[in-house]
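Data block below; observations after.
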Amino acid sequence: VWNDWDAAQRDLYILDSSGDLVFHENITGGLPSNLESMVINLIPSSTCDEGFVEILDIPNTCVVFDQSPCFHEGDLQVIVDIAETNEIFILDPLHMGSQNWLEGRLKRIQVGNYSQGGNIELTSLPESISGLENITTLQIDKNALTSLPEGIGNLSQLQLLITSNNDITSIPESINNLTQVWYLDLGYNELETLPDISNMTSLLYLYIFGNQISSIPESICDLGLDWSGLDNSFMPYFACGGNSLCEDIPECVENSDNFEIGLEANYYSFTIDLFQDCSEDCVSGDINADGSIDVLDVVNTVGFILGSSTPTDAQGCAADINSDDNIDVLDVVQIVQIILN
């Protein structure tokens with residue numbers, strides 16, 4: 001190249017981004033005064049469309065499928081909102097957990113207190129998450145979330161929603177709008193009820209084990225789930241063990257072979273037994289639950305023995321004071337002894 005260009009010592013050559021020569025001068029007498037502006041003018045301007053910003057420094061945890069340097073400003077702002085809501089001020093947006101992007105839009109984000117999630121613990125999600133119009137996977141397991149924003153129901157392209165191992169006490173009714181979701185994991189939270197999800201007709205996997213759920217809408221049976229089946233990896237399509245499903249259970253749930261199983265919490269690699277908690281809270285001897293053990297409790301217990309009245313589950317628990325699964329004269333004797341002390 002030196003010979004082909006007939007270059008002399010101290011010749012300066014400047015090429016543009018296409019490799020074409022745009023400047024040649026011997027600089028023995030000094031650099032040209034306009035050198036800085038000349039180089040700046042040769043830097044290609046951003047080719048990103050309006051509403052997108054060019055970012056060239058991409059971390060390894062961020063996979064851009066089409067290698068585009070353009071990122072949607074709105075999607076980036078949502079990630080900033082997540083960070084600020086949780087008082088995380090040390091990360092650039094693309095460094096939050098692990099991410100996948102395509103055509104400048106966020107397709108997948110995984111954030112949680114483990115290596116793949118970036119070792120970040122979230123306590124809440126902003127309503128602005130509804131702006132992630134193209135996201136297909138939202139994986140926010142192993143955090144300290146207590147709720148999900150109502151706006152989550154606006155994620156019309158969402159296909160996988162993974163919220164396990166949090167402290168979530170309720171799910172917004174808007175979740176029923178997520179008609180493209182085929183994998184829904186609500187396992188190991190603090191849920192007491194499950195909202196209507198009968199519109200989520202794409203569901204193939206539904207995990208609600210390890211909560212405190214005591215009621216499920218009958219409409220859940222409108223879903224076309226394989227209630228008792230296992231996939232090729234021996235993972236259940238449905239599992240609801242470890243709850244408090246004791247009465248008024250939808251038939252499809254109660255008859256499921258997976259009614260009292262779940263997946264082990266750390267890696268979800270195999271099933272475990274998780275039995276329903278149907279124990280009654282009662283005070284032994286206080287049959288009428290009036291806060292004291294007295295002659296009225298004796299009268300009630302005698303009535304159960306003689307068959308003149310039928311105990312409720314709570315009353316039966318309180319009357320069976322010796323826990324032998326029978327209500328008889330031995331229980332009456334012990335109640336009298338308590339009264340007489």
Side-chain angles (χ1 to χ4, degrees), residues 108 125 129-130 132-141 145 147-166 168-263 268 271-278:
R108 169 188 168 275
L125 293 175
I129 199 171
S130 62
L132 297 177
E133 300 171 351
N134 290 63
I135 195 166
T136 60
T137 300
L138 179 59
Q139 186 166 352
I140 45 176
D141 56 324
L145 300 172
S147 63
L148 298 178
E150 188 72 24
I152 203 167
N154 294 334
L155 305 181
S156 60
Q157 301 300 311
L158 195 64
Q159 298 180 24
L160 289 87
L161 177 56
I162 302 172
T163 69
S164 56
N165 289 283
N166 279 282
I168 299 172
T169 58
S170 63
I171 299 294
E173 294 183 0
S174 65
I175 196 175
N176 204 22
N177 298 333
L178 302 179
T179 57
Q180 300 300 313
V181 169
W182 59 268
Y183 188 99
L184 177 59
D185 180 7
L186 304 174
Y188 297 116
N189 278 286
E190 302 293 332
L191 298 175
E192 295 183 359
T193 60
L194 190 69
D196 178 23
I197 57 173
S198 58
N199 288 338
M200 301 180 70
T201 53
S202 296
L203 272 180
L204 295 177
Y205 293 83
L206 174 59
Y207 296 152
I208 57 175
F209 45 75
N211 282 279
Q212 300 173 17
I213 298 173
S214 59
S215 65
I216 296 178
E218 287 286 343
S219 59
I220 196 173
C221 291
D222 294 338
L223 297 173
L225 287 176
D226 186 350
W227 298 98
S228 297
L230 303 176
D231 64 16
N232 292 333
S233 300
F234 302 101
M235 295 292 103
Y237 292 105
F238 169 76
C240 66
N243 283 291
S244 299
L245 293 168
C246 307
E247 298 178 353
D248 300 323
I249 308 168
E251 183 177 357
C252 60
V253 174
E254 187 174 20
N255 294 336
S256 170
D257 292 344
N258 305 328
F259 182 60
E260 291 192 302
I261 70 167
L263 297 175
Y268 273 40
T271 61
I272 58 175
D273 290 331
L274 289 176
F275 300 109
Q276 302 296 333
D277 182 7
C278 295

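Minimum heavy-atom separation, P236 to T271: CD-CG2, 3.7 Å. Across every non-hydrogen atom of L263 and M235, the tightest pair is CD2-SD, 3.8 Å. Scanning both residues, W227 and V253, for their nearest heavy atoms gives CZ3-CG2, 4.3 Å. Heavy atoms only, all atoms of each residue included: E133 and S156 are closest at O-OG, 4.5 Å. Contact between S174 and E150 at its shortest, heavy atoms only, is OG-O, 2.6 Å. Among all heavy-atom pairs drawn from P250 and P217, the shortest one is CG-O, 3.7 Å.
Remark: of the listed residues N165, L145, I129, L145 is the sole one forming a side chain to side chain contact (heavy atoms under 4.5 Å, CB included) with I140. With L158 as reference, L138 is the one residue of T137, L132, L138, N134 to meet the side chain to side chain contact (heavy atoms under 4.5 Å, CB included) rule.
Atom CG of L184 and atom CD1 of I162 lie 9.5 Å apart (nearest 0.5 Å). Rounding to the nearest 0.5 Å gives a distance of 9.0 Å between CD of Q139 and CG of D185. Once rounded to the nearest 0.5 Å, the distance linking SG of C240 with CG of N211 reads 10.5 Å. In this structure, L125 CG and S147 OG are separated by 8.0 Å, a value rounded to the nearest 0.5 Å.
A side-chain donor-acceptor contact under 3.5 Å links E260 to the backbone of Q276. Without hydrogens or angle criteria, N176 side chain to N199 main chain gives a donor-acceptor distance under 3.5 Å. Remark: side-chain polar atoms of S202 are paired, donor with acceptor, to backbone N or O of T179 under 3.5 angstrom. A donor-acceptor pair under 3.5 Å is absent between the side-chain atoms of S228 and the main chain of S256, judged by distance alone. Judged by distance alone, with hydrogens and angles left aside, the side-chain atoms of N243 form a donor-acceptor pair with the main-chain N or O of I208 at under 3.5 Å.
Residues F209 and Y268 bring their aromatic ring centres within 6.0 Å. The distance between the ring centers of F238 and Y207 does not fall below 6.0 angstrom.
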Report task. Check the pair Q159 / V181 against side-chain contact (heavy atoms from CB on, under 4.5 Å), numbers first and verdict last. Result -> CA-CA 4 Å; Q159 298 180 24; V181 169; 5.8 Å; no
Report task. Show your reasoning for whether side-chain hydrogen bond (donor to acceptor under 3.5 Å, both in side chains) applies to Y205 and D231. Result -> CA-CA 10 Å; Y205 293 83; D231 64 16; 2.7 Å; yes
Using atom types as modelled, flag every donor-acceptor pair under 3.5 Å from a side chain in residues 189-196 to any protein atom, sequence neighbours excluded.
residue	atom	partner	partner atom	Å
N189	OD1	N166	N	3.3
N189	OD1	D167	N	3.4
N189	OD1	I168	N	3.1
N189	ND2	T163	O	3.1
N189	ND2	L186	O	3.0
N189	ND2	G187	O	3.2
E190	OE1	Q212	NE2	2.6
D196	OD1	S198	N	3.0
D196	OD1	S198	OG	2.8
D196	OD1	S219	OG	2.7
D196	OD2	S198	OG	3.3

